[in-house]
There are 2 protein chains.
Amino acid sequence: MSTQDRLIESTRELLWERGYVGTSPKAIQQHAGAGQGSMYHHFKGKPDLALAAIRRTADEMRATAEGVLSTPGSAYARIEAYLRRERDVLRGCPVGRLTMDPDVIASEELRAPVDETLDWLRARLAGIVEEGREQGEFAPSLDAEAIAATIVATVQGGYVLARASGSPAAFDAGVRGLLSLLAPGSTG
Amino acid sequence: MSTQDRLIESTRELLWERGYVGTSPKAIQQHAGAGQGSMYHHFKGKPDLALAAIRRTADEMRATAEGVLSTPGSAYARIEAYLRRERDVLRGCPVGRLTMDPDVIASEELRAPVDETLDWLRARLAGIVEEGREQGEFAPSLDAEAIAATIVATVQGGYVLARASGSPAAFDAGVRGLLSLLAPGSTG
DNA sequence: GTCTATATTGTGATAGAC
DNA sequence: GTCTATCACAATATAGAC
């Protein structure tokens with residue numbers, strides 16, 4: 001792995017762990033085993049390096065989600081697979097956590113990949129929900145876009161509950177509750 | 001308002017805006033119009049002051065939620081009132097956002113009020129859901145604890161989606177989706 | 001209780017040698 | 001491409017005068 005790559009990977013790790021504000025160039029360099037000079041040779045500065053790291057993390061998250069959502073099966077089954085997929089719950093979402101970073105939100109450039117990824121996920125889920133609705137799997141009255149937002153929010157909020165309590169249990173409970181409400185033939 | 005109080009209130013504002021890692025003692029002092037000496041006279045340091053601020057914010061959040069949840073009406077109506085209550089959506093949840101702060105999560109003392117508040121909220125909502133279930137408002141098969149976790153997660157995750165997109169629309173969509181799934185007599 | 005002075009370490013970056 | 005030196009400023013305090 002090139003020094004440039006190690007810098008990006010180290011930044012991804014630290015952004016996930018400590019966020020943008022809590023991650024210093026020095027910490028990145030030490031984690032990557034690179035000197036100041038290397039970092040500033042390959043990147044204009046902290047925001048530039050962070051942008052490369054965020055883009056890579058966002059791409060990876062999208063690919064992972066697509067991998068689960070594009071499996072064969074009913075709409076409900078695919079949504080369940082997405083919700084129950086293995087996760088490092090206590091670490092939280094490497095993309096979603098950036099929304100709590102004031103400097104990321106203040107920067108159009110840094111916020112863009114975060115916004116685009118979550119927006120893509122919502123749209124992808126909305127399509128699946130809509131498919132399920134058309135197939136008679138869900139009630140005809142159901143609003144696919146709204147349900148998709150609920151699904152993504154339950155996951156993102158599940159991380160919050162899990163991290164607050166120091167246990168993945170609350171995340172799992174939130175997912176279980178949502179699935180019980182979505183279950184075909186369920187009355188709540 | 002005493003200097004001590006101004007320090008706490010300033011810390012609350014800054015913790016909400018920038019988180020623990022992003023908030024410096026100097027910024028707090030300037031916001032409060034107090035000198036270094038005052039701050040270190042009233043508080044042992046940044047963690048001590050942050051603890052006072054977090055406790056106050058947590059207490060306030062609990063009181064606000066209880067105010068909405070203790071109104072008369074059906075279980076569904078109270079849950080809807082909670083979900084639709086006026087919020088400064090783009091600012092996010094002043095308690096929930098702290099779960100993304102590495103230094104808060106790393107400290108038993110600082111995490112405790114966050115955990116207790118979200119845990120109280122889940123339990124309070126679970127009680128209301130259970131009431132609704134017993135009254136025949138919801139399906140008998142419904143798991144009150146799980147649904148409560150879903151409700152809190154939808155709110156916390158709604159903030160994430162809203163901040164990512166720079167608009168409250170996604171928060172509102174998530175809430176709408178959840179309410180449509182919970183609606184008495186709904187089939188989804 | 002509040003103020004100013006001082007100290008140590010970290011942050012984020014530039015300059016220029018190798 | 002990588003390294004070390006250097007820099008101005010911020011973070012987080014302590015000390016002691018007032």
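Only heavy atoms go into these numbers, but all of them, side chains included; no hydrogens, no water, no symmetry mates. Being a predicted model, the structure only gives us computed values, none of them experimental. A, B, ... follow the sequence lines: proteins, then strands. Residue 1 opens every chain.
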A.B. asks: Could you go step by step and tell me if A:R62 and A:E116 meet the salt bridge (Lys or Arg N to Asp or Glu O under 4.0 Å) rule?
C.D. replies: CA-CA 10 Å; A:R62 194 189 288 221; A:E116 284 158 16; 5.2 Å; no
A.B. asks: Below 4.0 angstrom from OP1 or OP2 of C:dG1, is there any side-chain N or O of B:S38?
C.D. replies: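 Looking at the OP1 and OP2 atoms of C:dG1, neither is under 4.0 Å from any side-chain N or O of B:S38.
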A.B. asks: From NZ of A:K44 over to C1' of C:dT14, roughly how many Å is that when rounded to an integer?
C.D. replies: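 It is 16 Å, rounded to the nearest whole Å.
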A.B. asks: How close or far is atom C1' of D:dT14 from atom CZ of B:F43, stated in whole angstroms?
C.D. replies: 18 Å
A.B. asks: Between B:L49 (CG) and D:dA13 (C1'), how many Å, whole number?
C.D. replies: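 One finds 14 Å between C1' of D:dA13 and CG of B:L49, rounded.
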A.B. asks: Figure out the NZ/P separation between B:K46 and D:dA10, and round it to whole Å.
C.D. replies: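 Computing the B:K46:NZ to D:dA10:P distance gives 16 Å.
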A.B. asks: Between A:K26 and B:Q4, just flag the one whose closest nucleotide in DNA chain C comes earlier from the 5' side.
C.D. replies: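 On the 5' side of the pair lies B:Q4.
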A.B. asks: For A:Q36 and for B:A34, locate the closest nucleotide of DNA chain C by heavy-atom distance; then report the residue assigned to the nucleotide nearer the 5' terminus.
C.D. replies: B:A34
A.B. asks: Which residue, B:E131, B:E130, B:E137, forms the side chain to side chain donor-acceptor pair (under 3.5 Å) with B:R133?
C.D. replies: B:E130
A.B. asks: Rounded to whole Å, please give me the gap between CG in A:D5 and P in D:dG1.
C.D. replies: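 A:D5 atom CG is separated from D:dG1 atom P by 13 Å.
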A.B. asks: What is the distance, rounded to the nearest whole Å, between atom OH of B:Y40 and atom C1' of D:dA17?
C.D. replies: 19 Å
A.B. asks: With heavy atoms under 4.0 Å as the rule, sort A:G37 into base, sugar-phosphate or nothing.
C.D. replies: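 Base contact - A:G37 has a heavy atom under 4.0 Å of at least one base atom.
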A.B. asks: Does A:E145 form a salt bridge (Lys or Arg N to Asp or Glu O under 4.0 Å) with A:R122? I'd like the steps, not just the answer.
C.D. replies: CA-CA 7 Å; A:E145 295 281 347; A:R122 263 196 297 151; 5.5 Å; no
A.B. asks: Can you tell me how far P of C:dG16 sits from NE2 of A:H41, to the nearest Å?
C.D. replies: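 To the nearest whole Å, that distance equals 17 Å.
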A.B. asks: Counting just side-chain N and O atoms, does A:T3 come under 4.0 Å of either OP1 or OP2 of D:dG1?
C.D. replies: no
A.B. asks: Take B:D5 and B:R56 through the salt bridge (Lys or Arg N to Asp or Glu O under 4.0 Å) test and state the conclusion after the steps.
C.D. replies: CA-CA 11 Å; B:D5 246 49; B:R56 192 178 285 188; 3.3 Å; yes
A.B. asks: Taking atom C1' of C:dA5 as reference, at what distance in whole Å does atom CD of B:Q29 sit?
C.D. replies: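 One finds 14 Å between C1' of C:dA5 and CD of B:Q29, rounded.
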A.B. asks: Of the listed nucleotides (C:dT2, D:dA11, D:dA13), which one gets closest to any side-chain atom of B:P47?
C.D. replies: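 The nucleotide sitting nearest to the side chain is D:dA13.
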A.B. asks: Tell me, with the steps shown, if A:R12 and A:T57 meet side chain to side chain donor-acceptor pair (under 3.5 Å).
C.D. replies: CA-CA 7 Å; A:R12 291 179 62 196; A:T57 296; 2.9 Å; yes
